[in-house]
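First up is the structure itself, then whatever we jot down about it.
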Protein chains: 2
Amino acid sequence: MSNYTIVNLVASSNLGQTLDLYNLAAAIPDVEYEPEQFPGAIFKLKEPKVSLLLFKNGKIIISGASSEKDIVAGIKKATKLIGEIEKNVKIKASPKYEIVNLVATSSLNKTIDLFQAAVTLDDIEYEPEQFPGAIIRLYNPKITLLLFKNGKLICAGAKSEDDINKSVNKIKKLLKDNKSE
Amino acid sequence: MSNYTIVNLVASSNLGQTLDLYNLAAAIPDVEYEPEQFPGAIFKLKEPKVSLLLFKNGKIIISGASSEKDIVAGIKKATKLIGEIEKNVKIKASPKYEIVNLVATSSLNKTIDLFQAAVTLDDIEYEPEQFPGAIIRLYNPKITLLLFKNGKLICAGAKSEDDINKSVNKIKKLLKDNKSE
DNA sequence: AATCTTTTCATTATATATTAAATATATTTA
DNA sequence: TAAATATATTTAATATATAATGAAAAGATT
């Protein structure tokens, strides 16, 4: 089992009702809507601290949570506030949603020679001038890792915690012999 | 007496002989000369770690030292290396030089409300969007201070340590009543 | 059919911005 | 033609921006 910390969850859901985004933005101070800039309205909640993207067709995206609990709480709270304006929108006890992206941090607990890693591994990009971390792509599970020379890493694109576990274990194995002075 | 740390000394001196900068750059690897870019040649020493600007007329500028000892050592070492190329240049036991700028850091040991300082003091500029520190100009001695909200400050433009002492004491007095929450 | 727009989050390194001073060139402004 | 600014060197302080990753959504643009 690997050690990691989930730092961001992104989920999609559907309110099942069309939304009048202009109306919502006018009625709720925390809703920003600039259709010229982006077709979705932005709804920022303080507690739980998550951001929602609201679309005309009722689909929504929730991001910024670090647990599924906050995803659910965020959907419920937003639904409640939206429901006060748009009468057709109802709060559900167990809103359906799908986790589309999970971002986590972890550490190999040793410094890494990224130049060496760049020649040892296959799907790795390392351009220190452009970005200080190396970009490693794994294909099963399909996730992308950002690896830094102090051994800290970011795992992005996971659909489940199992994906994170597998990829952290995989990269640990791949870099078992990486030695930095 | 105030607490401060000298972080940079700039001094000017004169070798008393004209220099062939092209020749020096060709003979000494650490001398860079690009007349299109700057009329002086740049001579970087590792020990002591100082940089010298060499001009055709023999005048030189030494910067990067944190003590006069390093200024003297830097002039002697550079003179020796230059003397091996330019035979007229001689090493002096006590080279003459003038300290033209002294930069020091210090601290008021308390956080400062820079917005409040900006309205309380006279010759102060504070534009946080542009630079996080406030710029304070003192006229006797004529030095400029950069003051940060954590109380740390930089004193630039001093000709002597006495100038630093006086200005740090002065700003301490001026900000005696500045209270930050 | 791609790519851009926006939101979130961790990570790290680098760049920017500012100050003073001397030096000596070129360029720009008045 | 005189004065001012640009070039380059050094040094501390600090805040902010950038770079890159992934994913969904629905528009506009290429």
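Below, chain A is the first sequence line, B the second, and so on; all start at residue 1.
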- Task: Just compare D:dA24, C:dT11, C:dT8 and give me whichever is closest to any side-chain atom of A:Ile154.
- Result: C:dT11
- Message: Quick check for you: among C:dT25, D:dA24, C:dA21, whose closest atom lies nearest to any side-chain atom of B:Pro39?
- Response: C:dT25
- Side chain of A:Ile42 only, please: which of D:dA23, D:dT9, C:dT7 is the nearest? C:dT7
- Message: Using the side-chain heavy atoms of A:Asn150, tell me which of these nucleotides is nearest: C:dT12, D:dT10, C:dA20.
- Response: C:dT12
- Query: Between C:dA21, D:dA25, D:dA23, which one does the side chain of B:Asn101 approach most closely?
  - Reply: C:dA21
- So what does B:Ile61 hit on the nucleic acid, given a heavy-atom distance under 4.0 Å: a base, only sugar-phosphate, or nothing? base
- Spacing between A:Lys49 atom NZ and C:dA10 atom C1', to the nearest angstrom: 13 Å
- Message: Is there a side-chain contact (heavy atoms from CB on, under 4.5 Å) between A:Glu86 and A:Asp20? Walk through the geometry before answering.
- Response: CA-CA 8 Å; A:Glu86 303 257 357; A:Asp20 180 339; 3.2 Å; yes
- Task: Kindly say whether B:Gly157 contributes a backbone atom to a donor-acceptor pair with the side chain of B:Asn101 at under 3.5 angstrom?
- Result: yes
- Message: Just so I know, are the side chains of A:Asn8 and A:Val10 near enough to count as touching, which here means a heavy-atom distance under 4.5 Å?
- Response: yes
- Query: In whole Å, what is the span from the OH atom of B:Tyr4 to the C1' atom of D:dT11?
  - Reply: 16 Å
- Query: Rounded to the nearest Å, what distance is computed from the CD1 atom of residue A:Ile71 to the P atom of nucleotide D:dA23?
  - Reply: 16 Å
- Message: Output the rounded distance in Å from NZ (A:Lys159) to P (D:dT21).
- Response: 17 Å
- Note on the structure: Residue pair B:Val10/B:Leu146 against DNA chain D: nearer the 5' end by closest nucleotide is B:Val10
- With centres under 5.5 Å and planes under 30°, do B:Phe131 and C:dA17 count as stacked? no
- Note on the structure: Checking D:dG27, D:dA19, C:dT6 against the side chain of A:Gln130 (C-beta onward), the nearest is D:dA19
- Item | 5' priority, DNA chain C, between B:Lys56 and A:Phe55 [closest heavy atom] | A:Phe55
- Note on the structure: Between CD of B:Glu36 and P of D:dA8 the distance, given in whole Å, is 13 Å
- Message: Can you give me the closest heavy-atom contact between A:Leu114 and A:Phe148, atom names plus distance?
- Response: CD1-C, 4.1 Å
- Closest of C:dA21, C:dT12, D:dG22 to the B:Lys142 side chain is C:dA21
- Query: Does a side-chain N or O from B:Ser12 land closer than 4.0 Å to OP1 or OP2 of C:dT23, or not?
  - Reply: no
- Item | Strand-adjacent residues in residues 84-98 of chain B, judged by heavy atoms under 4.0 Å from DNA chain C | none
- Message: Rounded at 0.5 Å granularity, tell me how far CZ in A:Arg137 sits from NZ in A:Lys142.
- Response: 8.0 Å
- Message: Nearest to the A:Val100 side chain among C:dT19, D:dA24, D:dA13, which nucleotide is it?
- Response: D:dA24
- Side chain of B:Thr105: nearest nucleotide among D:dT7, C:dA21, D:dA12? D:dA12
- Message: What is the distance, to the nearest angstrom, from the CG atom on A:Leu54 to the C1' atom on C:dT6?
- Response: 12 Å
- Task: Hey, could you give me the CG/CD1 distance between A:Asn23 and A:Ile82, rounded to the nearest 0.5 Å?
- Result: 11.5 Å
- Query: How many angstroms lie between CD1 in B:Ile6 and CD in B:Glu68, if you round to the nearest 0.5 Å?
  - Reply: 8.0 Å
- Query: What's the NZ-C1' distance between A:Lys59 and C:dT7, to the nearest Å?
  - Reply: 18 Å
- Message: Checking side-chain contact (heavy atoms from CB on, under 4.5 Å) between B:Ile60 and each of B:Leu53, B:Asn14, B:Leu15, B:Thr79, which is the one that passes?
- Response: B:Leu15
- Item | Pairwise 5' ranking along DNA chain C for B:Glu125 and B:Ser63, keeping only the more 5' one | B:Glu125
- Value for CG (A:Leu175) from CG (A:Leu147), rounded to nearest 0.5 Å, stands at 6.0 Å
- With the side chain defined as heavy atoms from C-beta on, A:Ala156 is closest, among C:dA20, C:dT25, D:dT21, to D:dT21
- Tell me: CG of B:Leu52 to P of D:dT11, nearest whole Å? 13 Å
